[in-house]
Amino acid sequence: MKNLASDIQYDRKQWTIDSWRSKKHIIGPHYSDLKLLEEIEKKLVGYSPLVGYNEVLRLKDYFTKACLGQVFILQAGDCAEAIIDLPEKKVQSTCDLFGQMIEMLQPALNVPIVPVGRIAGQFAKSRTDQYEIKNGIKLPSYQGDAVNTIEFKSDKRQADPNRLILSYNYARQILNDLHQNIGSHSLFQQTGFYTSHEAFLLPYEQSLARKIPETDQYYTSSAHMVWLGERTRYYESAHIEFLRGIQNPLGIKCGPTMTINDFLSLIEIFNPGNIPGRLMAIIRMGSKEIKEKLPPLLKAARHHNLHILWSCDPMHGNTVYSSHGYKTRNFQHILNELKDFVSIVQGEGNYVGGIHLELTAENVTECLGGAQNIKENDLSKNYKSYCDPRLNKSQALQLISDFSKFL
Ligand code: PEP
Ligand code: CO
């Protein structure tokens, strides 16, 4: 992986909606039926947008205010959405949990808290391991319900273009239910409720990109905001190419391998005009590394007077495997990273603009610790995640309560 730093000028050829396709190495599923994929993409292009540009602008405005500490962005949801989850039930429980978290945070923050779900599109996963081996059988890894299925069977693990349509329809149902819920939930009436996901599956994102009225620019109608994941941030990345021309607010996951030059290059590529509200840095260094790795990024941003919304994902840098092989995270490590994030960001004279969590309202046993004191032996009791371990409702509320005391 070549460092972006050596490419600070980047390739400034003209951006087009499909210019990402000319990149040599595109991370993503391998589709064997390319003709079918093309047909499905064409179909999606003809579908109505999932979210409207006016709502995207509203969130962008909130991002601008969050850079100045006038708004707080609470982003949370599943690691990988399961399309079998009933939309109505899922929306109801997600909104209820967001409502409780907002009520808990409100007194400490005293600014509007804007809910952004990892929802209605978080169903494509970039995986570290391309294959999974079980009992000597090697199959492609699960890559999210938009690509293949979790079942460990050869035909179920093939990337199926039809699942793009399935995903679109599911996202539409979730959005319909969200609209209804927002209307009846007084907390969300003022702010709205927004959707987000990692912009990983570029055929889906391109097909749902729409022209912004009266301009030549595009936004993706797949969500209000999208982010660049840790695994697609590399030299000559197709994902960076696609996202640089997409006008939604963007997140950049910043893990421990992010150098100052990578960081500055990405900001230059995505936000050459240094417009506040365009970029959220989602810090996910891990509790062991944040103290060393975050301050240089904050200093560089200050040196160049860059407008960044500083958020923290205390989940992805703290993933470990239990002795029984469960992917898990320790509540205390998650909390420690958040605590250090707050003191480092505030210590550098910046605002804590948001947090980014993986959670569910269900009483799962995926993360260790918390008030229920979940232990390694408990993980198997109700481990339901298709991908990364989520905080359950009790752990999520406890985290928010503890976090509010750091502010
Ligand atoms: C995620 O958000 O689910 C994820 C995979 O994060 P990251 O790209 O930061 O590892
Ligand atoms: Co995850």
Side-chain angles (χ1 to χ4, degrees), residues 1 4 27-29 73-82 116-130 141-147 150 167 195-202 205 222-223 225-234 237-240 242-243 249-258 262-263 266 270 279-290 293-294 297 310-321 326-330 333-334 337-338 341 354-360 364 366-367 383-392 395-396 399:
M1 191 186 291
L4 270 173
I27 293 185
I73 307 292
L74 178 58
Q75 190 170 15
D78 290 317
C79 178
E81 289 181 89
V116 180
R118 288 175 60 114
I119 199 166
Q122 182 52 29
F123 25 55
K125 301 301 301 173
S126 52
R127 303 305 302 265
T128 307
D129 299 320
Q130 296 310 302
S141 291
Y142 170 63
Q143 290 188 79
D145 274 8
V147 178
I150 192 93
S167 303
T195 61
S196 69
H197 59 261
E198 178 180 345
F200 175 63
L201 199 51
L202 295 178
E205 301 299 337
S222 65
M225 87 154 286
V226 289
W227 69 84
L228 176 74
E230 184 71 359
R231 285 158 203 78
T232 49
R233 170 173 57 80
Y234 58 94
S237 152
H239 292 79
I240 295 177
F242 176 74
L243 287 175
L250 296 182
I252 306 173
K253 288 288 197 101
C254 304
T257 58
M258 171 83 90
D262 289 353
F263 187 61
L266 284 169
F270 288 148
L279 286 184
M280 170 193 264
I282 309 172
I283 303 301
R284 38 89 81 223
M285 300 294 181
S287 61
K288 288 204 187 92
E289 302 213 58
I290 187 164
K293 298 288 169 72
L294 176 56
L297 302 187
W310 296 96
S311 178
C312 180
D313 160 5
M315 314 299 295
H316 288 88
N318 293 308
T319 314
V320 291
Y321 282 88
Y326 282 97
K327 218 182 188 187
T328 188
R329 292 162 176 153
N330 191 311
H333 298 160
I334 296 169
E337 182 165 359
L338 269 189
F341 175 76
I355 52 173
H356 182 126
L357 304 173
E358 284 187 343
L359 51 73
T360 171
V364 297
E366 297 170 6
C367 290
Y383 196 104
K384 291 170 103 172
S385 179
Y386 279 9
C387 196
D388 292 338
R390 302 160 294 176
L391 299 165
N392 64 25
Q395 291 169 324
L399 188 79

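Whatever order the structure lists ligands and atoms in, that order sets their numbers, starting from 1. The residues of the chain are indexed from 1 along the displayed sequence. Since this is a predicted model, take the numbers as computed values, not measurements.
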**Report entry** Total protein N, O or S atoms, the Co ion (ligand 2), separation less than 2.8 Å
**Finding:** 4
Query raised in the report: Hey, are the side chains of C367 and E358 touching, using non-hydrogen atoms and a 4.5 Å cut-off?
Result: no
Query raised in the report: Does some side-chain heavy atom of R118 sit less than 4.5 Å from a side-chain heavy atom of C79?
Result: yes
Query raised in the report: With distance as the sole test, does E81 use its side chain to make a donor-acceptor pair with the main-chain N or O of Q122 at under 3.5 Å?
Result: yes
Report summary line: Pocket residues around ligand 1 (non-hydrogen, under 4.0 Å) come out as C79, R118, K125, W227, G229, E230, R231, K253, R284, H316, E358
Report task. With rounding to the nearest 0.5 Å, note down the distance linking CG in L228 to CG in L243. Result -> 6.0 Å
Side-chain donor-acceptor pairs under 3.5 Å in residues 281-289, sequence neighbours left out?
from: S287; atom 1: OG; to: N318; atom 2: OD1; distance (Å): 3.2
from: E289; atom 1: OE1; to: K293; atom 2: NZ; distance (Å): 2.9

Report task. Hey, can you tell me if Y326 and Y383 have their rings parallel, tilted or perpendicular (30° and 60° cut-offs)? Result -> tilted
Query raised in the report: Can you list the residues that meet the side-chain contact (heavy atoms from CB on, under 4.5 Å) rule with A223, with sequence neighbours excluded?
Result: T195, H197, V226
Query raised in the report: Would you call D388 and R329 a salt bridge, using N to O less than 4.0 angstrom?
Result: yes
Requested in this report: May I have the step-by-step check of side-chain hydrogen bond (donor to acceptor under 3.5 Å, both in side chains) for Q75 and S311, ending in yes or no?
Outcome: CA-CA 9 Å; Q75 190 170 15; S311 178; 5.2 Å; no
